[in-house]
Amino acid sequence: MGGGGAGVLRCILLSAAQAGATAPAYLAGTVSQAWAECLGGLVYVNAIEPGAPAILGAWPFVSDLRTGAMSGGSPEQGLLSAACAQVGNHFDLPFGTACGMSDAKFPDFQAGAERGSTVLAAALSGANIVYEAAGMYASLLGACPESLLLDNDVLGAVGRAVRGIEVDADTLSFDEIERVCSGGEGHYLGSNTTLQVMQSEYIYPDFSDRASPTVWEELGKPVLLDQAVGKTRELLARHVPRHVSDDIDERLRAEFPIALSREAMGR
């Protein structure tokens, strides 16, 4: 919870109990407790300042009931977050939840599978924000900079799935099908329509390998993680942030004791 100036209260209301530990073991019970806590907090905030902006953060987590340890990569984590998102949509409240916290200790198969499945469940259910969606390992006990790059491909795929398929007279492509199949090329590879939509209808990963096995072998059988490690080192050594304008940079430096000079940032 933080103040945004005199008379303006802005906050995020978080509920982060663990199913089977600090919340009921039944998933429905955990969802009901999470939202009861968030809504109770919203009432409290509005009693202090009516209409105060707030983001509802129903973040129920999962316990591995064999050990009591948190399991951020479990399928139940995706289900809990998806259910909380649906409740948030029902209330028409700005809402965020946490998914993508793999139980793996390394960017491996387990990490990618757990991250992709849990984030997708929450995103498709309509969560406005999905926190902890990239780079998080060992159920929030560790983070991996290289994974931020790899996970960007995962999040791109999730975003494409959320966007869905647009259906109208043009996208159904009846005229295109008739033209190609009735005297046309017999395929759509060289179609003007194909070229027009290849950047809008499809996304292309930065790191995931789509090359054929033959090309992959000719390239020396590159390992995805090795590529991410190399790119991370390059970014940390050379990257200069350009998303902050000079005006905002000056205002930030006037308000905060920023030790890194503008010259050192390559400006």
Side-chain angles (χ1 to χ4, degrees), residues 59 61-62 64 67 69-78 81 96-124 127 129-163 189 194-195 197-244 259-261 263-267:
W59 287 29
F61 295 133
V62 174
D64 187 314
T67 64
M70 177 183 163
S71 177
S74 64
E76 293 83 10
Q77 182 66 57
S81 295
T97 190
C99 270
M101 309 154 289
S102 175
D103 297 323
K105 319 305 182 287
F106 189 79
D108 55 11
F109 176 84
Q110 177 186 344
E114 291 179 347
R115 198 178 321 282
S117 62
T118 56
V119 173
L120 184 62
L124 288 177
I129 306 172
V130 181
Y131 301 92
E132 318 296 355
M136 307 308 296
Y137 286 84
S139 292
L140 297 181
L141 293 178
C144 175
E146 291 79 9
S147 187
L148 294 175
L149 300 180
L150 298 175
D151 295 341
N152 191 52
D153 281 353
V154 175
L155 298 182
V158 169
R160 182 62 188 91
V162 170
R163 191 182 118 196
L189 291 173
T194 299
L195 297 176
V197 305
M198 66 178 294
Q199 295 294 339
S200 60
E201 191 79 349
Y202 301 84
I203 67 164
Y204 306 94
D206 291 328
F207 285 92
S208 298
D209 187 356
R210 292 182 175 180
S212 69
T214 301
V215 172
W216 174 73
E217 188 171 9
E218 290 174 350
L219 293 174
K221 301 179 180 179
V223 177
L224 204 61
L225 183 55
D226 291 343
Q227 293 177 290
V229 169
K231 187 62 175 179
T232 299
R233 290 174 178 172
E234 176 188 337
L235 290 173
L236 292 176
R238 302 179 182 177
H239 179 68
V240 177
R242 297 296 186 190
H243 61 284
V244 178
L260 189 65
S261 69
E263 292 71 23
M265 293 174 64
R267 295 190 173 206

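Below, each value reflects all heavy atoms present in this structure, side chains not excepted, and no hydrogens, waters or symmetry copies. Residue numbers start at 1 and run along the sequence shown.
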Please report the C-alpha distance between Lys231 and Gln227 in whole Å, then the side-chain angles of each, then the deciding distance to 0.1 Å, and finally whether the side-chain contact (heavy atoms from CB on, under 4.5 Å) criterion is met.
-> CA-CA 6 Å; Lys231 187 62 175 179; Gln227 293 177 290; over 6 Å; no
About how many Å separate [atom2] of [Y] and [atom1] of [X], when rounded to the nearest 0.5 Å?
| X | Y | atom1 | atom2 | value |
| --- | --- | --- | --- | --- |
| Met101 | Glu132 | CE | CD | 7.0 Å |
| Leu195 | Met198 | CG | CE | 7.0 Å |
| Leu140 | Phe61 | CG | CZ | 5.5 Å |
| Glu217 | Ser212 | CD | OG | 10.0 Å |

Open item on the list: Tell me whether Tyr204 at atom OH has more than 12 heavy atoms from other residues, nucleotides or ligands lying less than 6.0 Å away.
Closed with: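 More than 12 within 6.0 Å, yes.
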Is the number of heavy atoms from other residues, nucleotides or ligands within 6.0 Å of CZ (Arg163) greater than 12? yes
Validation row: [X], [Y] side chains within 4.5 angstrom (heavy atoms):
| X | Y | answer |
| --- | --- | --- |
| Leu189 | Thr194 | no |
| Gln110 | Arg115 | no |
| Val62 | Met70 | no |
| Val154 | Leu120 | no |
| Phe207 | Asn152 | no |

Taking [X] for its side chain and [Y] for its backbone only, find out whether a donor-acceptor pair lies under 3.5 Å.
| X | Y | answer |
| --- | --- | --- |
| Arg160 | Glu201 | yes |
| Ser81 | Thr97 | no |
| Asp108 | Ala111 | yes |
| Asp151 | Gly135 | yes |
| Ser147 | Cys144 | no |
| Glu114 | Gly72 | no |
| Ser71 | Asp64 | no |
| Ser208 | Pro205 | no |

Write down the atom of [X], the atom of [Y], and the distance for their closest heavy-atom approach.
| X | Y | result |
| --- | --- | --- |
| Ser74 | Thr118 | O-CG2, 3.5 Å |
| Ile203 | Gly156 | CD1-O, 3.1 Å |
| Ala123 | Val162 | CB-CG2, 3.5 Å |
| Ala134 | Leu155 | CB-CD1, 4.2 Å |
| Val130 | Ala122 | CG2-CB, 4.2 Å |

Please determine if Arg233 and Glu146 form a salt bridge, counting it only when a charged side-chain N lies under 4.0 Å from a carboxylate O. no
Practice prompt. Verify side-chain contact (heavy atoms from CB on, under 4.5 Å) between Leu149 and Asp206, making sure each step is shown before the conclusion.
Written response: CA-CA 8 Å; Leu149 300 180; Asp206 291 328; over 6 Å; no
The criterion is ring pair (Phe, Tyr, Trp, His ring centres under 6.0 Å); which residues satisfy it with Tyr137, sequence neighbours excluded?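 Ring pair (Phe, Tyr, Trp, His ring centres under 6.0 Å) list for Tyr137, sorted by chain: empty.
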